[in-house]
Amino acid sequence: MAKSALLKSSLAKKYWMALTGLFLCLFLIGHLIGNLQLLATGENAALNFNKYALFMTTNPAVKLLSYLTYFSILFHAVDGILLTVQNKKARPVGYVKNSASSNTVWASRNMAVLGTLILVFIVTHMVNFWAVMHFDKNMPLQKVEIEVGGMKQDLYLTTDGGYMPVAQVEQGNIEIKNRTQFYDANAHVKLKEGYKDLYKVTVDFFKHEKWGLIATILYVFAMFVLAFHLYHGFSSAFQSLGLNNPKYNSLIKNFGKAFSVVVPLLFASIPVFIHFILK
């Protein structure tokens, strides 16, 4: 393969492409474990997921890992695309005889296409969820409805395990600042902090009356694309790092195949569950 479009050393290119790919595999596992909470039911399902979302967006160590993940995604995707273009320019005329299908699997011949589709998915996924969580002024706070003295009352859940009456906010006695902080409107003193309701945003997105089914289908399609990309990329990363060994090659290859099926399948089950099963 030609020199990296982003790095001068082809050896550095080979290692970094492999390392970022394997790091993103670890990210997928962590992200999946957190998102599988969306399959839970019960009165604490929303709260548990929103606690997880709060931890993921406020913990310093997680933030550092997030920046590393963003870098890895951009490097892995952009360098992969540019390398494909560069290699095609280096060999403008194909072989007289070329039977690629008999020598390589389909996924290995179309990694750039698969990677581009995954990048498009990541961007749209972040716009619909990550950007809403971080920047949308209309991001809802989690509410619960409880019965007090025979009357139903809407309350905001707060991070200290307490509540804040929605009516007090609507009447102007309490105001919300910085999207999550409850302040006494008169004393201008912070009282409590609420949970961003990412659970509601996610459920509403996949249950949307008009676009929910389309969003679910596209998400599942993206997971099929991810599966094909991982099918070749996982074992290829070990090969690029020079970790080939006759004793372990079969194990790595089989684990990679299982990983490329199980992880995308579990991800795909989440929107399917929300759209078709969750009440």
Side-chain angles (χ1 to χ4, degrees), residues 30-31 33-67 70 124-213 215-216 219 270-271 273-279:
H31 194 51
I33 292 173
N35 282 7
L36 284 176
Q37 295 181 77
L38 290 165
L39 298 178
T41 57
E43 59 181 17
N44 291 323
L47 178 58
N48 290 336
F49 183 75
N50 289 333
K51 283 182 177 180
Y52 155 74
L54 177 63
F55 173 79
M56 295 297 290
T57 54
T58 57
N59 183 275
V62 174
K63 281 187 174 183
L64 180 61
L65 285 174
S66 296
Y67 295 133
Y70 304 150
T124 56
H125 187 70
M126 292 186 72
V127 168
N128 291 321
F129 300 104
W130 181 89
V132 172
M133 179 78 173
H134 285 80
F135 306 114
D136 192 345
K137 294 181 179 179
N138 297 317
M139 177 75 189
L141 297 180
Q142 186 176 355
K143 300 177 184 177
V144 292
E145 184 182 73
I146 64 173
E147 190 171 321
V148 179
M151 297 182 60
K152 291 184 178 180
Q153 185 177 6
D154 288 328
L155 302 169
Y156 289 108
L157 285 177
T158 57
T159 56
D160 61 355
Y163 303 94
M164 188 61 64
V166 174
Q168 292 293 311
V169 176
E170 294 175 344
Q171 292 168 8
N173 298 323
I174 297 173
E175 58 183 356
I176 300 175
K177 294 183 179 181
N178 302 319
R179 299 193 298 152
T180 61
Q181 299 171 346
F182 297 102
Y183 276 76
D184 185 300
N186 298 314
H188 303 291
V189 176
K190 181 180 175 181
L191 302 174
K192 293 176 181 289
E193 187 155 354
Y195 288 102
K196 292 179 182 179
D197 201 349
L198 186 60
Y199 181 89
K200 182 179 187 303
V201 170
T202 305
V203 171
D204 288 350
F205 182 81
F206 289 113
K207 277 191 161 305
H208 192 278
E209 185 177 350
K210 186 175 182 180
W211 303 110
L213 179 59
T216 300
Y219 191 101
I270 296 172
F273 170 80
I274 292 174
H275 184 80
F276 293 104
I277 300 175
L278 186 65
K279 301 299 182 182

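Just so it is clear, the values below take in all heavy atoms, side chains as well, and ignore hydrogens, waters and symmetry mates.
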Next on the checklist: Would N35 and H31 count as a side chain to side chain donor-acceptor pair (under 3.5 Å) here? Give the steps.
Outcome noted: CA-CA 6 Å; N35 282 7; H31 194 51; 3.3 Å; yes
Next on the checklist: Show every ring pair (Phe, Tyr, Trp, His ring centres under 6.0 Å) that has at least one partner inside residues 132-154, sequence neighbours left out.
Outcome noted: W130-H134, W130-F135
Next on the checklist: Nearest 0.5 angstrom please: F129 CZ to T124 OG1, how far?
Outcome noted: 9.0 Å
Item to check | K143 side chain near L157 side chain, heavy-atom distance below 4.5 Å | outcome: no
Checklist entry - Taking only residues two or more places apart in sequence, or in another chain, which ones meet H208 in a side-chain contact (heavy atoms from CB on, under 4.5 Å)? => result K210, W211
Checklist entry - Counting only heavy atoms not in E209, do more than 12 sit closer than 6.0 Å to its CD atom? => result no
Checklist entry - Are any non-hydrogen side-chain atoms of L38 and Y199 less than 4.5 angstrom apart? => result yes
Item to check | Results of side-chain contact (heavy atoms from CB on, under 4.5 Å) for E170 - residues two or more places apart only | outcome: V166
Checklist entry - Taking the side chain as C-beta and beyond, is there a heavy-atom pair between F49 and D197 under 4.5 Å? => result no
Item to check | Expected output: side-chain H275 to main-chain T216 donor-acceptor under 3.5 Å | outcome: no
Next on the checklist: What's the separation between atom NZ in K152 and atom CD in E145, rounded to the nearest 0.5 Å?
Outcome noted: 5.0 Å
Item to check | Audit row: N48, Q37, side chain to side chain donor-acceptor pair (under 3.5 Å) steps and yes/no | outcome: CA-CA 8 Å; N48 290 336; Q37 295 181 77; 5.6 Å; no
Indicate every side-chain donor-acceptor pair of residues 56-66 with a distance under 3.5 Å to a residue at least two apart or in another chain.
unit_1 : atom_1 : unit_2 : atom_2 : d
T57    : OG1    : A53    : O      : 2.9
T57    : OG1    : L54    : O      : 3.2
T58    : OG1    : L54    : O      : 2.6
N59    : OD1    : A61    : N      : 3.0
N59    : OD1    : V62    : N      : 3.1
S66    : OG     : V62    : O      : 2.9

Next on the checklist: How long is the straight-line distance from CG of N173 back to CG of N186, given to the nearest 0.5 Å?
Outcome noted: 7.0 Å
Checklist entry - Hey, is the main chain of T180 close enough, under 3.5 Å, to the side chain of N178 for a donor-acceptor pair? => result no
Item to check | Close side-chain approach of I270 to L39, heavy-atom, < 4.5 Å | outcome: yes
Next on the checklist: Can you tell me how far apart OH (Y52) and CZ (F55) are? Round to the nearest 0.5 Å.
Outcome noted: 9.5 Å
Next on the checklist: Please determine whether salt bridge (Lys or Arg N to Asp or Glu O under 4.0 Å) holds for the pair E175 and K177, giving the CA-CA distance in whole Å, both sets of side-chain angles, and the decisive distance to 0.1 Å.
Outcome noted: CA-CA 6 Å; E175 58 183 356; K177 294 183 179 181; 3.7 Å; yes
Item to check | pair D160-K192: side-chain heavy atoms closer than 4.5 Å | outcome: yes
Checklist entry - Considering only heavy atoms from C-beta outward, does the side chain of Y183 approach that of L191 to under 4.5 Å? => result no
Next on the checklist: So F273 and L278, do their side chains get closer than 4.5 Å, heavy atoms only?
Outcome noted: yes
Checklist entry - Side chains of L141 and Y195: does their closest heavy-atom pair fall under 4.5 Å? => result no
Checklist outcome for this item: In this structure, CG of D136 is separated from NZ of K196 (nearest 0.5 Å) by 9.5 Å
Checklist entry - So, K207 side chain and K279 main chain: donor-acceptor pair closer than 3.5 Å or not? => result no
Next on the checklist: Run the salt bridge (charged side-chain N to carboxylate O under 4.0 Å, His left out) test against D204 and tell me which residues pass, sequence neighbours left out.
Outcome noted: K200
Item to check | Enclosure of K51 NZ (heavy-atom neighbours >12, cutoff 6.0 Å) | outcome: no
Item to check | ring pair (Phe, Tyr, Trp, His ring centres under 6.0 Å) contacts in which one or both residues fall within residues 149-178, not counting sequence neighbours | outcome: Y156-F182
Item to check | Polar side-chain atom of R179 near backbone of M133 as donor-acceptor pair, under 3.5 Å | outcome: yes
Checklist entry - Taking all atoms of both residues into account, what is the closest heavy-atom pair of T159 and G194, and its distance? => result CG2-O, 3.9 Å
Item to check | Test item: N50 side-chain N/O and L198 main-chain N/O as donor-acceptor pair under 3.5 Å | outcome: yes
Checklist outcome for this item: Heavy-atom nearest pair, A185 first then G172, reads CB-O, 3.1 Å
Checklist entry - Is the side chain of N44 donor-acceptor paired with the backbone N or O of L47 at a distance under 3.5 Å, no angle test? => result no
Next on the checklist: Show the nearest heavy-atom pair for residues V127 and A131, with the distance to one decimal.
Outcome noted: O-CB, 3.6 Å
